Undergrad: 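Handing you a structure now.
Counting begins at 1 with the first residue of the sequence. Counting starts at 1 for both ligands and their atoms, in listed order. Quantities reported herein were computed from a predicted structural model and do not represent experimental measurements.
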Amino acid sequence: MSIIQTAHRAAFDVEAVRSQFPILHQDVNGYPLVYLDNAASVQKPAAVIDAIAHYYRHDHANVHRGAHALATRATDAFEGARAKVAAFLGGVAREEIIWTRGTTESINLVANSWGRANLRAGDEIVLTEMEHHANIVPWQMVAAMTGARIRVVPVTDAGELDMDAFRNLLGERTRLVAVTQVSNALGTINPVAEIVRLAHAAGALALIDGAQAVSHFVMDVRTLGADFYVFSGHKLFGPTGIGVLYARRELLDAMPPWQGGGQMIEKVAFAGTTYTEVPWKFEAGTPNIAGVVGMGAALEWLGTLDRNAAQAHEDALYARLDAALAAMPGVRRIGTAPARVSVASFLVEGAHPTDVGHLLDQQGIAVRAGHHCTMPLMARLGIPGTVRASVAFYNTAAEIDRFVAALEKVKTFI
Ligand code: PLP
């Protein structure tokens with residue numbers, strides 16, 4: 001795993017990239033849209049939109065069970081996209097890739113399948129204070145069912161994990177460590193390789209939530225050593241409603257299915273049903289075929305980019321944004337860890353984050369305001385929420401400057 005950036009400063013033609021995103025070219029509230037809500041969901045290039053439309057216009061049929069040309073085409077596209085994800089994650093086996101609705105469903109699958117089969121009263125699940133609710137609530141639910149306990153790694157004032165506390169929390173009762181690779185609320189990049197190593201040394205498994213990381217890092221989950229790795233398509237230029245669970249083959253083979261129905265069986269009889277093999281054992285029912293096709297198109301499209309150059313451009317925009325916020329009186333940045341992706345969380349003195357968000361929207365600027373589905377983190381930091389501006393490589397320096405000017409104007413209303 002490596003962050004896509006460093007000294008590489010190849011020319012990046014942002015206008016050429018932007019021109020592939022139809023949604024970016026519109027006015028909102030009388031101003032050209034400035035979309036800085038990329039940590040919530042990134043916009044889709046025409047290649048993805050067109051691939052989905054093409055699929056429905058020409059190739060749609062149900063997968064795996066048809067004996068006709070369209071079913072074959074749909075199945076080839078569906079399984080081909082699985083192979084693309086396997087390659088994207090560093091060359092894992094395609095059987096280790098399970099399609100889900102998103103990060104949330106991937107974690108629920110692990111909690112309900114692996115968790116219910118393996119957790120016992122007194123076992124411990126280690127989470128952190130900066131987890132998204134998607135990596136908290138499923139564990140609380142499975143803990144309530146099994147009697148397992150949740151232990152929580154604290155976060156420092158700067159928004160980093162307290163790694164000494166993490167080491168101290170690990171013990172012989174630890175069964176699973178589930179940690180986000182990048183904080184969606186603060187942008188902090190966590191030392192996940194070290195976290196996985198420490199979890200394994202304690203005899204536990206490690207689940208890494210890659211929802212905020214996949215668009216910034218070249219992933220190699222084998223080198224990372226994660227037992228489970230999860231992400232959502234919509235944060236990686238793909239459609240909503242599609243996501244991925246990667247898990248090591250031995251784990252998947254041993255895990256019971258979570259949902260039952262068509263596609264996941266070998267033989268069904270009232271006397272007893274047997275299940276098919278991975279990955280289909282975990283994919284009951286008609287899947288989101290169009291979503292999978294869109295995900296495959298997104299990965300193909302990403303492959304046409306110089307991702308180093310794109311990341312360098314994004315890093316430069318973020319540096320410009322962060323410096324402007326740091327210099328702005330009455331603005332308090334939340335999350336100042338040295339290792340961060342392009343997420344700027346902040347508060348404006350005397351204003352509720354939601355009001356700041358609305359005032360920015362009136363100037364055509366889309367940001368997120370609120371707790372970012374990280375209520376425990378907000379409670380730890382003693383704040384109700386933040387305003388979050390998050391940058392993608394299709395943003396421009398002029399947009400960052402527009403955001404900064406708009407925020408200056410917001411301050412005059414407060
Ligand atoms: N984990 C993190 C770190 C996230 O940022 C998000 C979404 O913002 C999720 C999990 C949940 O993703 P989804 O809603 O796509 O399932």
Undergrad: Nearest heavy atom to atom 15 (O) of ligand 1 wins, so pick from Ser232, Gly210, Gly241.
TA: Ser232

Undergrad: Select the closest option to atom 8 (O) of ligand 1 among Arg101, Gln181, Lys235, Glu131, judged by heavy-atom distance.
TA: Lys235

Undergrad: Would you call the rings of Trp139 and Trp114 parallel, tilted or perpendicular, where under 30° means parallel and over 60° means perpendicular?
TA: perpendicular

Undergrad: Is the shortest distance from a Lys or Arg side-chain nitrogen in Glu96 or Arg82 to a carboxylate oxygen in the other one below 4.0 Å?
TA: no

Undergrad: Before accepting this row, confirm whether a basic side-chain N of the pair Asp37/Arg368 lies closer than 4.0 Å to the acidic partner's carboxylate O.
TA: yes

Undergrad: Going by atom types alone, do Tyr394 and Asn38 pair a side-chain donor with an acceptor below 3.5 Å?
TA: yes

Undergrad: Taking 4.0 angstrom as the limit and counting only heavy atoms of His234, give me the atoms of ligand 1 inside it, by number and element.
TA: 15 (O)

Undergrad: Does the N or O separation between Thr104 and ligand 1 drop below 3.5 Å for any pair?
TA: yes

Undergrad: Got the closest protein heavy atom to atom 1 (N) of ligand 1, with its distance?
TA: Asp209 OD2, 2.5 Å

Undergrad: Tell me: protein heavy atom nearest atom 4 (C) of ligand 1, and distance?
TA: His132 CD2, 3.3 Å

Undergrad: Closer than 4.0 angstrom, basic N to acidic O: yes or no for Arg94 and Glu79?
TA: no

Undergrad: Charged N to carboxylate O below 4.0 Å: is that the case for Arg18 and Glu399?
TA: yes

Undergrad: Give the residue, atom name and distance (to 0.1 Å) of the protein heavy atom nearest atom 5 (O) of ligand 1.
TA: Gln212 NE2, 2.7 Å

